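Here the structure is laid out as structure tokens; the discussion comes afterwards.
Start at 1 and go down the list; that is how both ligands and their atoms are numbered. Given the structure is predicted, the values throughout are model-derived calculations rather than measurements. Index from 1, following the sequence.
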Amino acid sequence: MSTHTESLFSPAPLPVTAEQPVPLGMGFAQVALRKPLRQEFTYSIPEQFKGKVLPGMRVAVPFGSRREVGVVVEVSASSDIESKRVRKIAALLDDEPALDPGLLELTRWVAGYYACAWGEALGAVLPSSLKREKGVRRVLYISARKGVSDALRELEDKFPKQHRLLRTLLELEEPIELRDITRQLNMSQAPARSLERRELVHIEKVASSPDPLLASSRERSRPETLGSQQAAAVQAISARVNAGGYETFLLQGVTGSGKTEVYLRVIEAALEKDRGAIVLVPEIALTPQTVGWFRSRFGEVAVMHSRMTDAQRLDMWQRVRSGELRVVVGARSAIFAPVPNLGVIVVDEEHEPSFKQATSPRYSARDVAVVRAQQIGAICILGSATPSLETWHNARAGRYSQLILSERVGGGTLPRVEIVDMCQEKGSANGPPMFSRRLRRLLKERLEKKQQSILFLNRRGFAPVLWCPGCHETLQCQSCDVALTFHRRIGRAVCHSCCEEISPPSDCPACTRPGLKYLGLGAERVEEQLALLLPEARVARMDSDTMRRREDYEETLEAFGRGDLDVLVGTQMIAKGLDFPRVTLVGIVSADSALHLPDFRASERTFQLLAQVAGRAGRGQERGEIVVQTRNPSHPAIVRAASHDFEGFASAEENLREELGYPPHGRLIRAVFEDEDEQRVIEASEACAGFMREHTAPPDVLVLGPAPAAIAQVRGRHRHHILLKAPQITAGLRRARSILIRFSTEHQRPRLTIDVDPVSLL
Ligand code: ADP
Ligand code: ZN
């Protein structure tokens, strides 16, 4: 049995070489299984498979009393395990390796670095139908039956989950994929089955539907000439593609500077050399618009995203693996696409936190992109208008080559940004104003000129706080340490952590005083106020409450693009990659929502969000205007974003990080202990921290905590965390990490999550 914990943080040499023929004497296989156990298992190769088993092939093996599908990672002549205790491979599922040696090596690195099992990392690569012995799972759609709304009231008290599901289905009117809706509502499929038994919903199998992302959409012609900065970037990167070998480029280009055209030209150069490409974009930016640019240049491209059906995913995977499709466009997990002879990896909007996966394996697709390029001698392009400080720092340290596009295509100017101090605006008896005088005037003006506006607020619902003026308590979720948000349209108070909801009580539950107040701003409230301000405007709201189905999202964007809407109100869903030339005004209703999060990246996130949202305006002929409303008008993140001064922001922020020892000046590993029983959490986390302190020493490693996490309870589970801080990857940090791994494999409770390079500390 081999463990790989020693290879942590440093790519080890290739463990497998599939090109070499396997001698017939090879009698044992190491198999990685999708279990959190961080080890591989030895099986013997029965006579009929001798000489046929290669690393990268899938096998079925007995495990306990069950049969599991695993991946062979190594074959050997002998085993140090007593031979009668070794069990046999039950079936060989592939004629040829499903995974090439490069992907095996990459997943081995992922497992080592991110502290998960090799089998779990392999699970991120294989499409789900290849992870089961019995092929493709059918897709289920669910819809409410006609005339069942009366049932809602009966369900409300006794079966809150069924109530929530049925109500959402009634709002939707159209069938939706069962897996999607239950994921969005954070519930299992059991409530759906109960509703089916009550004959309130239909659940039906459908033949897989065509992927809407493959529908043809607005296309772009290939521009005849490039801007001088664009041309220089294409020239520098293509030279590297032609010469061969590894290099990572930071393509730092302001919004509208034509980064996509640089990607397209570089990929053209790679295809000339018969090398394939992967382009990663944030899930939310993966629209028919984005895919269309690549299709209009390269013909058919592979698209990979989280909402594909099993059958679609398998089909894409196989066509990429066979070399039929040479260009892959996808979200996070497409970094593992099996592109033969991969030459270029692009990560667009590389600063996006969504490139980090929140469940095991907790990898950062951006960082895996760099490692993959390094391992196979490819080039990697990290593109952004607002690079993460980590990437920016790597570029300044000379590890990445920095290319700058400081001008918008066609000489378009960056929008004028105006900061409005909301403390100076007069409110009414009902509280502070939502729109400043300035924003109100500009909104009216745009409507008269038949130009479009975007209003941005990074918060769902109507009011984020229900507050009692008597005892000053706010209404909290029963099972999470989170305030409930009032959602007006459904008339419910919703927990944004666990998705549970209640009818808001009319009296304060703490002091029984009647009359809870609805405080603060949500996107729903913005939409309502806008309707009062501009009754004749055509408005749509885009957030995860209104855009449950992918089609809703696409339809709304299309309507906006056609000019059928005047104003788009939305959350971060509208911040990404949209390119609508008629938008000349962006109002940021409150820039403060991300500023006060208890996270060392709060300023960075605020800067990025403001720059991204502001980048949506003035992409056509007319100059755009941005109004940033804030109660912190002199905060550096806001001031620098308003003056488009990324460098100024980044240098100041980097100095702060250096003082505090936070990334990019140092490494973090976070360990979260969770359990219903708080005492258990406290004891285990303290024991773990004590043990790590005994075996490490500052400044090599600093063990901070344990302490209750910022969100100290989720779904009834108490959460305490430990933060490991190190100036770089040190021996001590590896030791501390091994201690955490050992704890998590030896204990079922409390649950321990190990997060290497965390992007959120909440
Ligand atoms: P970014 O991703 O940097 O924000 P985009 O790639 O969306 O910018 O490009 C902005 C717009 O400029 C797009 O409509 C694109 O088609 C156009 N564009 C890019 N390069 C050129 C060029 N060389 N000539 C003319 N138009 C271009
Ligand atoms: Zn909750």
Side-chain angles (χ1 to χ4, degrees), residues 160-161 164 185-187 217-235 250-268 279 281-282 285 287 289-290 292-294 296-297 346-352 381-387 403-415 474-485 492-502 561 575-583 608 611-621 624 644 646 711-719:
K161 289 204 171 72
R164 194 144 51 90
L185 298 178
N186 199 0
M187 58 174 66
S217 60
R218 207 171 61 154
E219 298 197 341
R220 292 181 170 187
S221 55
R222 189 175 191 276
E224 293 278 325
T225 52
L226 295 178
S228 60
Q229 291 178 326
Q230 259 182 332
V234 170
Q235 166 63 34
L250 163 58
L251 182 64
Q252 188 178 333
V254 297
T255 52
S257 60
K259 293 186 286 292
T260 311
E261 187 57 38
V262 175
Y263 308 149
L264 292 167
R265 300 274 173 134
V266 171
I267 294 171
E268 284 173 6
V279 181
V281 299
T287 59
Q289 205 180 15
T290 310
W293 305 333
F294 290 89
S296 62
R297 196 68 57 88
V346 173
V347 185
D348 191 29
E349 312 284 5
E350 66 84 29
H351 62 277
E352 269 295 304
I381 308 177
L382 306 178
S384 177
T386 54
L403 298 166
I404 294 194
L405 308 179
S406 57
E407 283 152 20
R408 282 191 157 178
V409 168
T413 37
L414 285 168
T474 57
L475 199 61
Q476 300 279 122
C477 174
Q478 292 288 325
S479 42
C480 306
D481 172 28
V482 166
L484 296 180
T485 299
R492 312 277 285 180
V494 180
C495 170
H496 285 184
S497 166
C498 70
C499 300
E500 301 281 329
E501 47 172 64
I502 56 169
K576 306 286 138 54
L578 306 184
D579 184 7
F580 295 114
R582 259 178 295 190
V583 175
Q608 287 163 348
Q612 292 296 331
V613 178
R616 298 311 119 219
R619 294 172 72 104
Q621 294 305 317
H644 306 287
F646 175 79
I711 300 177
Q713 196 184 353
V714 169
R715 299 187 137 205
R717 293 163 48 154
H718 299 273
R719 309 167 75 233

Problem - Under-4.0 Å heavy-atom contact with ligand 1, by part of Gln230 that carries it - result: side chain

Practice task
Specify side chain, backbone, both or neither for Val254, according to which of its non-hydrogen atoms lie closer than 4.0 Å to ligand 1.
Solution key: backbone

Handout entry: Atoms of ligand 1, numbered as shown, that sit under 4.0 Å from any heavy atom of Thr255
Key = 4 (O)

Exercise for the section: Nearest heavy atom to atom 2 (O) of ligand 1 wins, so pick from Thr260, Asp348, Leu264, Val262. Expected result: Thr260

Exercise for the section: Would you mind running through ligand 1 and noting each atom that sits below 4.0 Å from a heavy atom of Val409? Expected result: 12 (O), 18 (N), 19 (C), 20 (N), 21 (C), 25 (C), 26 (N), 27 (C)

Problem - Rounded distance (nearest 0.5 Å) linking atom NE2 of His644 with atom OG1 of Thr413 - result: 9.0 Å

Exercise for the section: Report yes if some N/O of Gly253 lies less than 3.5 Å from some N/O of ligand 1; otherwise report no. Expected result: no

Handout entry: Carboxylate-amine/guanidinium proximity below 4.0 Å for Arg222 and Glu268
Key = yes

Practice task
Return the minimal non-hydrogen interatomic distance between Leu226 and Val234, and the atom names on each side.
Solution key: CD1-CG2, 3.9 Å

Fill in the blank from the handout: Here the pair of heavy atoms bringing Cys480 nearest to Val714 is SG-CA, 3.8 Å

Fill in the blank from the handout: Counting only protein N/O/S atoms, those under 2.8 Å from the Zn ion (ligand 2) total 4

Practice task
Answer with side chain, backbone, both or neither: which part of Pro223 has a heavy atom less than 4.0 angstrom from an atom of ligand 1?
Solution key: side chain

Handout entry: Contact with ligand 1 for Gly256, non-hydrogen, under 4.0 angstrom
Key = yes

Handout entry: Candidate pair Glu349 and Lys259, rule salt bridge (Lys or Arg N to Asp or Glu O under 4.0 Å), full reasoning
Key = CA-CA 10 Å; Glu349 312 284 5; Lys259 293 186 286 292; over 6 Å; no

Exercise for the section: Could you tell me the separation between the OG atom of Ser384 and the CG atom of Leu250, rounded to the nearest 0.5 Å? Expected result: 8.0 Å

Completion exercise
In ligand 1, the atoms that come under 4.0 Å of a heavy atom of Ser257 are 1 (P), 3 (O), 8 (O)

Practice task
Please determine, by modelled atom types, if Arg408 and Thr255 share a side-chain donor-acceptor pair under 3.5 angstrom.
Solution key: yes

Practice task
Determine whether the side chain, the backbone, both or neither of Thr225 has a heavy atom under 4.0 Å from any heavy atom of ligand 1.
Solution key: backbone

Practice task
Check the pair Glu500 / Arg492 against salt bridge (Lys or Arg N to Asp or Glu O under 4.0 Å), numbers first and verdict last.
Solution key: CA-CA 10 Å; Glu500 301 281 329; Arg492 312 277 285 180; over 6 Å; no

Problem - Those atoms of ligand 1 less than 4.0 Å from some heavy atom in Leu226 - result: 23 (N)

Exercise for the section: To the nearest 0.5 angstrom, please state how far the NE2 atom of His496 sits from the SG atom of Cys477. Expected result: 11.0 Å

Handout entry: Nearest heavy-atom neighbours spanning Ala614 and Pro415
Key = O-CG, 3.7 Å

Practice task
Starting at CD of Gln230, measure out to OG1 of Thr260 and round the result to the nearest 0.5 Å.
Solution key: 9.5 Å

